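I have placed the structure first, in the form of structure tokens, so that the comments after it can refer back to it.
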Amino acid sequence: MSSKQTFSELISKITSDLGWSDFGPKIKIERPSRREHGDFSSNVAMVLSKSLGKPPREVAQIVVDEINKLGMEHLDRAEIAGPGFVNVHLNTSWLQDVLQEVVLAGQSTWATDDLGQGEKVQIEFVSANPTGPIHVGNGWWAAYGDSLARILSRCGWKVSKEYYVNDTGGQIRRLGESLIARKMGEIPSEDGYQGAYVTELANHYQGPMEISEAGRFAAEKILDGIKDTLRRIGVEFDSWYSQASIEEGGAVQETIDTLRASGLVYDQEGAVWLASSTLGDNRDRVLVKSNGDVTYTGGDLAYHRDKFLIRGFERVIDIFGADHHGQVATLKAGVKALEIDPDKLEIKLGQMISLVGGAMSKRSGNFVSLDSLLDDIGPDAMRLMSLINSIDQATVLDIDLVKKTTSENPVYYVQYAHARISSINRKADSQGIERISLDEVDFSLLTHDGELELLRILEEFPDILREAANERVPFKITTWVRKLAGQFHSFYHDFKVISPDLDPQLVQARLYLVEATRIGLGVGLDLLGVGAPEEM
RNA sequence: GCGCUCGUAGCUCAACGGAUAGAGCAUCUGACUUCGGAUCAGAGGGUUGGGGGUUCGAAUCCCUCCGAGCGCGCCA
């Protein structure tokens, strides 16, 4: 059990022993941001002060007395601070436990969790229309979705990653028209696709001068390109789900039949409508047009029914660009109509990525492709940069600046820390230094704050991971990795690991300290999908 | 007009209802004859968009105003 849990349970025991109220959610255990406030802190006294009719500091005194009476492993002292915080200071021996735990568990099992309890979750992301290469914004949300999948997997969810391929409808027709136009040496119409890639495709097109055939050809080729691009940043999908297969397989009709039976569908002016306004949407939506075509909404609803009711996902996370947030209420209303708990459908909206030079538009062909950015800065830098901030934050990207600051990009900072550790290990090997077994190392030799701080940071990680999983916020992993790397660089500057001038016992302890750090960086970088190089 | 998201240092962004609002970049000043200087140490920089409210305590929750992005199709 971690020291944090030990402390948490101690506080819980004290409050129940004293017959105070339940250990409710308002009572929290925190890691104070200031060292002088101890290793762990609780607000228990302030929360209970009112119901007990005593001032917070007086309540805190009672708790502190109880802690001193009951004791706690590694406890140095408990004290009251500020408005009534109960702070505990631990002996550094608790950090020695942390070190051994990390090394013993190793990269594959340290900081794993069963938070998800095997829940089957599908994460759908990117799903960009196959009408052109994916752009930088798609790449950012792809990195988010993929990293979230890695995080949830590590925390005990059964994750499946899916890309919904929008291979039907008017846009594919327009794509076909544009290709034919280029083939005939003409310029595509204004609402067609004008990008150079269409001309490129036209040069390779051998099929008949027929719109649907040309559209299918182009979409297929473009999708192949999208797959290649995503592979460059390490994003692999478990399934590519075709919208055409939904529409052709009768799923839409089944969905409509079900809804009609519950009275949530009606016919008007030759079209089939969903009464979504009764379910939280701001208007009703057409599912089937009067010409018999299925609308996007109709297909999307059948698709989500398929996810939950046919394929049996217990939870679905859709990641959309913020420009699609108009779909949220409709989709929520739709699943509700199908008697699926709308809370099981989570829709994360990635805020827009805009460019200093102007907006990104596929139709005009005036946009920065993810490929070109990758050519400039490489996949690791791209992934880390996209995972630095919350996706709730709209981002303005200055491509020129990104290229220019490549050498001072945060990715190198973190990877360099990992490479330096690998370098230390190589040196130890080349000098023939044998590692003694873990239980024979005297970790009490690690006494400097620069050493212990590494362990304090490592100790936080399991909680950070849970938070990243629960709140769907991969960027917290990024923040943590950067913090650990920063502390390592500082340590590296101040302390030698291998030196004939050092006590061989201390060398052993530091080699393990550095190994624990390497494991931490390795786990964090892996969750972000960023490489952990041994040399740079 | 209605809805969603957001507004924090010069810039890009953190902050689980908690203690003196923190990082990176940029700026300025410094640092190894050593395991990789793609590094380290320090400094300056804030009325958390404005105004009310809730409470022991608000950047955070509620109301209102201001500002920004996006959406409001029988497009996808």
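If you're wondering where the values come from, they're calculated on a predicted model, not measured in any experiment. Basis for what follows: all heavy atoms, side chains included, without hydrogens, waters or symmetry-related copies. Letters A, B, ... mirror the listed sequences (proteins, then strands); counts begin at 1.
- RNA chain B forms stems at B:1-7 with B:66-72, B:10-13 with B:22-25, B:27-31 with B:39-43, B:49-53 with B:61-65, each a run of 3 or more consecutive Watson-Crick or G-U wobble pairs whose two key distances fall under 3.5 Å.
- A:Arg420 contributes no side-chain N or O that forms a donor-acceptor pair with the base of B:U39 under 3.5 Å.
- In the interface, the side chain of A:His325 is paired with the base of B:G3 through a donor and an acceptor atom under 3.5 Å apart.
- With C1' as the reference atom, B:A9 and B:A59 are 14 Å apart, rounded to whole Å.
- Comparing the same atom, P, in B:G52 and in B:A15 gives a spacing of 27 Å after rounding to whole Å.
- Remark: the separation of the P atoms in B:C13 and B:G7 is 10 Å, to the nearest Å.
- Taking the P atoms as reference points, B:U47 lies 27 Å from B:U64, given to the whole Å.
- Nucleotide B:G18 holds its C1' atom 6 Å from the CE atom of A:Met46, rounded to whole Å.
- Taking the ring centre of A:Tyr492 as origin, the terminal cationic atom of A:Arg420 falls inside the region bounded by 6.0 Å and 45° from the ring axis.
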Scan nucleotides 57-62 of chain B against the protein and return all N/O pairs shorter than 3.5 Å with their distances rounded to 0.1 Å.
none

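- In this pair, A:Trp480 and A:Phe461 present their aromatic rings tilted. The plane angle is within the 30 to 60° band.
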Distances for protein N or O near nucleotides 6-9 of chain B N or O, under 3.5 Å:
none

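- The residue A:Ser499 sits apart from the nucleic acid: no heavy atom pair falls under 4.0 Å.
- Nucleotides B:A58 and B:A19 have their P atoms positioned 10 Å apart, rounded to a whole Å.
- Heavy-atom nearest nucleotides on RNA chain B were determined for A:His493 and for A:Asn87, and the one closer to the 5' end corresponds to A:Asn87.
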